[in-house]
Number of protein chains: 2
Amino acid sequence: MDNGLPITLDPEPRQGAQAIRRALFLLRVLAAGGESGLPLKEVVQATRLSRPTVHRIIHVLMEEGLVERHERSGRYAIGTQVPELALARPSRSPLLAAADDILRETSQRVGDTLFLTVRTGNDTLCVDRRIGSYPIQVLSIAIGARRPLGVSSAGVAILAALPAQESRRIAATNEPRFAGYRTDRQTVLSEIADARRRGYGVREVGLVQGTKSISTWIKTADGTPAAALTISAVRTRLGPRREQEVVETLLKAAYEVEQKIR
Amino acid sequence: MDNGLPITLDPEPRQGAQAIRRALFLLRVLAAGGESGLPLKEVVQATRLSRPTVHRIIHVLMEEGLVERHERSGRYAIGTQVPELALARPSRSPLLAAADDILRETSQRVGDTLFLTVRTGNDTLCVDRRIGSYPIQVLSIAIGARRPLGVSSAGVAILAALPAQESRRIAATNEPRFAGYRTDRQTVLSEIADARRRGYGVREVGLVQGTKSISTWIKTADGTPAAALTISAVRTRLGPRREQEVVETLLKAAYEVEQKIR
DNA sequence: CGGTTATTGTCCACATTATGGACAATGGAT
DNA sequence: ATCCATTGTCCATAATGTGGACAATAACCG
């Protein structure tokens, strides 16, 4: 696969921090659990770590305030310290700022809900959502929703925009988590291939019954995908003809965002 | 010191996570560096860890996206992943919601800038700020500003509201960081004692020349301090007589917040 | 410029730390 | 009252993370 081009490969990861890496991975898994959090068991399954290890790390994170445990349910979730640490950063990322106007205009034009989704590690994260004017809107994904790369059309689009090698690596890494979303590695890999061929990602069978999603990718100057732009609607609203129209609109919008963030 | 009362002592901290604890401590130190971040050297000083250890951990955190390095300055700062993790939580804490109206009314009444500051670990963190109507306002502290407990009037107030044992422990822990704020443990301890006697914290010599701050504490139902309510103004605006008036207003506002969060 | 210092980065022998198998406790469910 | 599912704890042991010593830059300066 080495074609001599200056592809930026990740330098071999630094050693001597297994525990820290594990803890951060745990945090991301917990983040995927959102406000309601996850029971220990699911965290163990998603991480493929031993239960004692997960237990120990999660309790240390609790002592440190990065994780909370819900009184009633016993589920573990992201704690108050995390947003507190986040205050050290400017409130709005360049991407969000750049996409703001474009999202508004585009969602008005197409009438359906638009999502802006970024990649964060091996996950997708919904960072903005604009509701359209059509009376039936797909709102299943909220801002902050996090899923393994590959299980949503946005995730597939982002994987399709990555070098094949890396997308395969991520699909392999996320494999243990796919079961929870009723998919598997083979399916994801073929969806990625489809998306590469088409130039955009599609999901006929959304996580919500009867919905369909289409995603285009947004690349940074160096060619790595920065985000995905997704439209979701009830399936009947995205038949072949309209799919073409909508895709054109999305591609144009994605291109505009790309220009703004350079 | 054991008087038989059911004082909640921290259970002995869990073992087997030295590295994780260190990494989180590093994150908090970096958070104190705000947007501009800190050079490695200062992180080393603040943490009292060996330089190789800090270096290794910080670079792992960079690989994981929790820390960024500024291109120009080479300083390390909190990275994009942190706010991304924070999206897993509801946007607004109960405290902020409860304090919202009260802060607005109170800042209108007194005319000077009000700050709402919480304790997070061994730090204070400014989580809200309301600017008053008087033409000279002290704005030195921004939302997100983080300092070791003890160096601001808010920090002193919170320490004063904690059990003596714990406030002493924190003052000792933070000692290495005090130098950077031109204070020391002895001074802090005596300020805490003063605040306990008075019922509120005062700082005649603010971090900014010629300003003065007064802080009252806000306690949760279980008696632990949840936050501090601070007024800052140019010193001449807080002479003895007005100090009394302002303190009464602050105490009343703090009491109202306390009622709301129970 | 060459030289000096301040800061950041790397290496690796070694001791401490973190690991996970096995066992215990808790708490619903029936 | 008994069972099953889930969470919690222990501890011998291997592997991980540590920090002293050395190296490489970057910043400063005459």
Side-chain angles (χ1 to χ4, degrees), chain A residues 10-30 32-33 36-64 66-79 176-177 179-180, chain B residues 10-30 32-33 36-64 66-79 176-177 179-180:
Chain A
D10 293 5
E12 49 198 296
R14 223 156 272 262
Q15 306 217 39
Q18 189 197 63
I20 295 172
R21 284 213 153 79
R22 288 176 166 188
L24 298 179
F25 186 34
L26 268 180
L27 280 179
R28 289 190 271 262
V29 168
L30 285 179
S36 57
L38 297 172
L40 189 68
K41 191 195 167 193
E42 286 183 28
V43 181
V44 171
Q45 281 168 354
T47 57
R48 291 264 168 114
L49 295 172
S50 75
R51 229 200 39 257
T53 297
V54 171
H55 182 267
R56 178 168 26 83
I57 293 178
I58 231 171
H59 275 85
V60 169
L61 292 174
M62 276 177 67
E63 283 178 18
E64 297 285 338
L66 296 203
V67 168
E68 288 177 357
R69 188 164 196 196
H70 291 181
E71 198 62 36
R72 301 293 288 276
S73 62
R75 295 160 81 100
Y76 298 94
I78 293 292
R177 300 164 71 200
Chain B
D10 293 4
E12 49 197 295
R14 224 157 270 262
Q15 303 219 35
Q18 191 197 61
I20 295 172
R21 285 213 152 77
R22 288 177 167 187
L24 298 179
F25 186 33
L26 269 181
L27 279 180
R28 289 190 270 262
V29 168
L30 286 179
S36 59
L38 297 171
L40 189 67
K41 192 195 166 191
E42 286 184 29
V43 181
V44 170
Q45 282 167 353
T47 56
R48 292 265 170 112
L49 295 171
S50 75
R51 227 195 47 256
T53 296
V54 171
H55 181 267
R56 179 168 26 82
I57 293 178
I58 234 171
H59 274 84
V60 169
L61 293 174
M62 277 177 67
E63 285 178 17
E64 297 286 337
L66 297 202
V67 168
E68 287 177 357
R69 189 165 197 196
H70 291 176
E71 198 61 36
R72 301 293 288 276
S73 62
R75 294 161 80 99
Y76 298 94
I78 293 291
R177 302 163 70 199

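When reading the values below, keep in mind they use all heavy atoms of this one structure, side chains included, and skip hydrogens, waters and symmetry mates. Below, read A as the first sequence line, B as the second, and so on, with proteins coming before strands; counting in each chain starts at 1.
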J.: Identify, between Gly74(A) and Ala17(A), the residue whose nearest nucleotide on DNA chain D lies closer to the 5' end.
T.: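 Whichever sits nearer the 5' end wins; that is Gly74(A).
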J.: If we fit an axis to the first five pairs and another to the last five of the helix from dC1(C)-dG30(D) to dT30(C)-dA1(D), what angle do they make, to the nearest 10°?
T.: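 Rounded value for the end-axis angle: 50°.
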J.: Any side-chain heavy-atom pair from Leu66(A) and Val60(A) closer than 4.5 angstrom?
T.: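 Side chain of Leu66(A) against side chain of Val60(A), heavy atoms only: no contact under 4.5 Å found.
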J.: To the nearest angstrom, how far is Leu38(B) atom CG from dT8(C) atom C1'?
T.: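 Distance check: Leu38(B) CG to dT8(C) C1' gives 15 Å.
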J.: Can you name the closest pair of heavy atoms from Ala77(B) and Leu30(B) and give their distance?
T.: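 Here Ala77(B) and Leu30(B) meet closest at N-CD2, 4.5 Å.
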J.: Can you tell me if Arg48(B) touches the phosphate of dG19(D), counting only side-chain N or O atoms and a distance under 4.0 Å to OP1 or OP2?
T.: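 No, no such contact exists.
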J.: Would you mind reading off the distance between His70(B) atom NE2 and dT8(C) atom C1', rounded to a whole angstrom?
T.: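 Result: 17 Å.
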J.: Could you run through nucleotides 19-30 of chain C and give me one letter per nucleotide, 5' to 3': B if any protein heavy atom sits under 4.0 Å from the base, S if only the sugar-phosphate is that close, - if neither?
T.: BBBB--------
J.: Please give, in whole Å, the distance from dT6(D) C1' to His59(A) NE2?
T.: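 To the nearest whole Å, that distance equals 13 Å.
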J.: Could you state the CG-P distance from Leu61(A) to dA18(C), rounded to the nearest angstrom?
T.: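 After rounding, the reported distance stands at 13 Å.
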J.: Identify all side-chain donor-acceptor contacts of residues 38-49 of chain B below 3.5 Å with residues at least two apart in sequence or on another chain.
T.:
unit_1	atom_1	unit_2	atom_2	d
Thr47(B)	OG1	Val43(B)	O	2.8
Thr47(B)	OG1	Val44(B)	O	3.2
Thr47(B)	OG1	Leu49(B)	N	3.4

J.: Whole Å only: how far is the CG atom of Leu40(B) from the P atom of dT8(C)?
T.: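 Rounding to the nearest Å, CG of Leu40(B) and P of dT8(C) are 5 Å apart.
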J.: Give, for atom CD1 of Ile20(B) and atom CD1 of Ile57(A), the distance between the pair rounded to the nearest 0.5 Å.
T.: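 Answer rounded to 0.5 Å: 4.0 Å.
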J.: Can you check nucleotides 24-28 of chain D for protein contacts, nitrogen or oxygen pairs under 3.5 Å, and list what you find?
T.:
none

J.: Please tell me if the side chains of Arg22(B) and Arg56(B) come closer than 4.5 Å, counting only heavy atoms from C-beta onward.
T.: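 Counting from C-beta outward, Arg22(B) and Arg56(B) never come under 4.5 Å.
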J.: Quick one: closest heavy-atom pair of Arg177(A) and Ala32(A), and the distance?
T.: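 Arg177(A) and Ala32(A) have their closest heavy atoms at NH2-CB, 4.4 Å.
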J.: Have a look at Arg75(A) and say if it touches a base, only the backbone sugar-phosphate, or nothing, with a 4.0 Å heavy-atom cut-off.
T.: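 If one applies the 4.0 Å heavy-atom cut-off, Arg75(A) turns out to touch nothing in the nucleic acid.
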J.: For His55(B), give me all partners under ring-ring contact (aromatic ring centres under 6.0 Å, His included), at least two apart in sequence or on another chain.
T.: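 Partners of His55(B) under the ring-ring contact (aromatic ring centres under 6.0 Å, His included) test: His59(B).
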J.: Expressed in angstrom and rounded to an integer, what is the separation of Lys41(A) atom NZ from dC4(D) atom C1'?
T.: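 My rounded result for the distance is 11 Å.
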J.: Sequence neighbours left out, what passes side-chain contact (heavy atoms from CB on, under 4.5 Å) with Glu68(B)? Give chain and number order.
T.: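 Expected list: Arg89(A), Thr80(B).
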J.: Working to the nearest 0.5 Å, report the span between CD1 of Ile58(B) and CG of Leu27(B).
T.: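 Result: 8.5 Å between the selected atoms.
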J.: Is there a side-chain contact between Tyr76(B) and the phosphate of dT7(C), meaning an N or O under 4.0 Å from OP1 or OP2?
T.: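 So the side chain of Tyr76(B) is outside the cut-off, no N or O lying under 4.0 Å from OP1 or OP2 of dT7(C).
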J.: Roughly, in whole Å, what's the span from NE2 in His55(A) to C1' in dT6(D)?
T.: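 Distance, rounded to whole Å: 11 Å.
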